[in-house]
Amino acid sequence: MIIGFTKMHGIGNDFIVIDNFNGRINLNKEQVIALCDRHKGIGADGVILVETYKESSEKVDCFMNYINSDGSLAKMCGNGIRCTARFLKDEYLKDKSVFKIQTRDGLKEIKWEGGDIFSVNMGKAEFSSEDYNNAEKEIEELSLDFVSVGNPFAVAFVKDIEKYNLAYLGPIIENHKSFPNKINFELVEKIGENELKVKVWERGCGLVLACGTGACSAFALLQKEKSRKEIKREKVIIHLPGGDLHLSENKEGEIIMSGPAVSSFNGMVEL
């Protein structure tokens, strides 16, 4: 089988985006792993199948079928959904500026802000979940907070992010007995009242240059601190290894994430 693809990324968080509106492509785990292999395949953090969504009476532009590089399914991907919107705009909906995309975490609205910039309503943060309600609060001598904005995260706020080996800590915490479904892990350093430095280990993927749901999770915990201290924060910049994301909160308490979505190249691959 020969299929076409578009290689895309959001500040280095990269994806193999495949047009599957006709529903003919059904990738198995081994094929996804092969595609995402950075030495023998195309290389990516995950695969996005852009598909028709027929299970709603509401007008939906597509379903983002996101699969991690290890072949596991993901509920949500903040950088991936911006890339999906960019794909729709480039290929099908050139005159459109607002997109509705169904995910495993529900329906999301994405706005094109001009150029490469797209903003996403990521919804509200959840501080209680079966993924971490009974988890240990300290692992590997790190104090952990837990939050989910589409995907569950264990978050460690540290004074100097560079002093920690995330490649070592990531798999330990992801696979810890406290987390029955595994968990994402991130290190967060506060470098200003409205500025955070973040590094992420994604479950099912590993070290990534950027993570949208991880940025939202760090922002959500900062907002939680703000509400305790009554500090006003209109916008927060999240610095990730691949670039910056801008986070804010609307009147409904929903998180708005803004950042670039870039198309790198198109190609064909045989599976």
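Positions are given from 1 along the sequence. Here the structure is a predicted model, which means the values were calculated and not measured. Atoms considered below: every heavy atom in the structure, side chains included; atoms not considered: hydrogens, waters and symmetry mates.
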**Item:** Cationic N near anionic O, under 4.0 Å, Arg86 to Asp90
**Value:** yes
**Request:** For the pair Gln31 (side chain) and Asn28 (backbone), establish whether a donor and an acceptor sit closer than 3.5 Å, ignoring hydrogens and angles.
**Result:** yes
**Item:** Within 6.0 angstrom of Lys190 NZ, more than 12 heavy atoms from elsewhere
**Value:** yes
**Side-chain donor/acceptor of Glu174 to backbone N/O of Phe179, under 3.5 Å** = no
**Prompt:** Listed by chain and number, what are the ring-ring contact (aromatic ring centres under 6.0 Å, His included) partners of Phe21, not counting sequence neighbours?
**Reply:** Tyr92
**Prompt:** Where is the tightest heavy-atom contact between Ala218 and Val188, given as atom of each residue plus distance?
**Reply:** CB-CG2, 3.9 Å
**Request:** Using the side chain to side chain contact (heavy atoms under 4.5 Å, CB included) rule, take Thr213 and Cys77 through it: C-alpha gap first, then chi angles, then the decisive distance, then the call.
**Result:** CA-CA 6 Å; Thr213 55; Cys77 178; 5.9 Å; no
**Message:** So does Lys182 get a backbone contact from the side chain of Arg203, meaning a donor-acceptor N/O pair under 3.5 Å?
**Reply:** yes
**Prompt:** Using the ring of each side chain (for Trp, its six-membered ring), is Phe118 parallel, tilted or perpendicular to Trp112, with breaks at 30° and 60°?
**Reply:** tilted
**Item:** Under-4.0 Å salt bridge between Glu254 and Lys108
**Value:** no
**Prompt:** For atom CD of Glu130, is the number of surrounding heavy atoms from other residues, nucleotides or ligands below 6.0 Å larger than 12?
**Reply:** no
**Message:** I'd like to know if Glu162 and Lys199 make a salt bridge, using a cut-off of under 4.0 Å between side-chain N and carboxylate O.
**Reply:** yes
**Within-4.5 Å side-chain heavy-atom neighbours: Ile110 and Ile81** = yes
**Item:** Ring-face cation contact, Phe127 with Lys224, 6.0 Å cut, 45° max
**Value:** yes
**Heavy atoms of other groups near Phe265 CZ, more than 12 under 6.0 Å** = yes
Extract all donor-acceptor atom pairs below 3.5 Å that involve side chains of residues 41-51 and protein atoms in other chains or at least two apart in sequence.
residue, atom, partner, partner atom, Å
Asp45, OD1, Arg38, NH2, 3.1
Asp45, OD2, Asn13, ND2, 2.8
Asp45, OD2, Asp14, N, 3.2
Glu51, OE2, Asn20, ND2, 2.8
Glu51, OE2, Asn65, ND2, 3.4

**Prompt:** Without hydrogens or angle criteria, can the side chains of Glu126 and Ser148 be said to hold a donor-acceptor pair below 3.5 Å?
**Reply:** no
**Request:** Say whether Trp201 and Glu186, considering side chains only, have a donor N or O and an acceptor N or O under 3.5 Å apart.
**Result:** no
**Asked** Under a 4.5 Å side-chain heavy-atom rule over Ile, Leu, Val, Met, Phe, Trp and Tyr, are Val200 and Leu166 clustered together?
**Response** no
**Asked** Within a reach of under 6.0 Å around CG of Asn26, are more than 12 heavy atoms found that belong to other residues, nucleotides or ligands?
**Response** no
**Request:** Verify the neighbour count for atom NZ of Lys235: are there more than 12 heavy atoms of other residues, nucleotides or ligands below 6.0 Å?
**Result:** no
**Step-by-step side chain to side chain contact (heavy atoms under 4.5 Å, CB included) determination, Ile237 to His239** = CA-CA 6 Å; Ile237 299 174; His239 302 290; 3.6 Å; yes
**Prompt:** Between the side chains of Asn134 and Ser178, does any donor sit under 3.5 Å from an acceptor?
**Reply:** no
**Message:** Looking at Lys111, I want to see if its NZ is surrounded by more than 12 non-hydrogen atoms of other residues, nucleotides or ligands under 6.0 Å.
**Reply:** no
**Working for side-chain hydrogen bond (donor to acceptor under 3.5 Å, both in side chains), residues Asn133 and Ser128** = CA-CA 6 Å; Asn133 280 345; Ser128 177; 3.2 Å; yes
**Asked** What's the shortest heavy-atom distance between Leu187 and Ile161, and which atoms?
**Response** O-CD1, 3.2 Å
**Complete:** Across all chains, not counting sequence neighbours, the side-chain hydrogen bond (donor to acceptor under 3.5 Å, both in side chains) partners of Asp61 are Lys96
**Message:** Is it the case that the side chain of Asn165 and the backbone of Tyr168 share a donor-acceptor pair, with hydrogens and angles ignored and the cut-off at 3.5 Å?
**Reply:** yes
**Request:** Walk me through it: do Glu195 and Val236 pass the test side chain to side chain contact (heavy atoms under 4.5 Å, CB included)?
**Result:** CA-CA 6 Å; Glu195 208 168 352; Val236 172; 5.9 Å; no
**Request:** Could you walk me through whether Glu113 and Ser119 pass the side-chain hydrogen bond (donor to acceptor under 3.5 Å, both in side chains) test, one step at a time?
**Result:** CA-CA 7 Å; Glu113 306 289 358; Ser119 62; 2.6 Å; yes
**Prompt:** Going by atom types alone, do Asp105 and Thr103 pair a side-chain donor with an acceptor below 3.5 Å?
**Reply:** no
**Prompt:** Does a side-chain heavy-atom distance below 4.5 Å link Lys100 with Lys59?
**Reply:** no
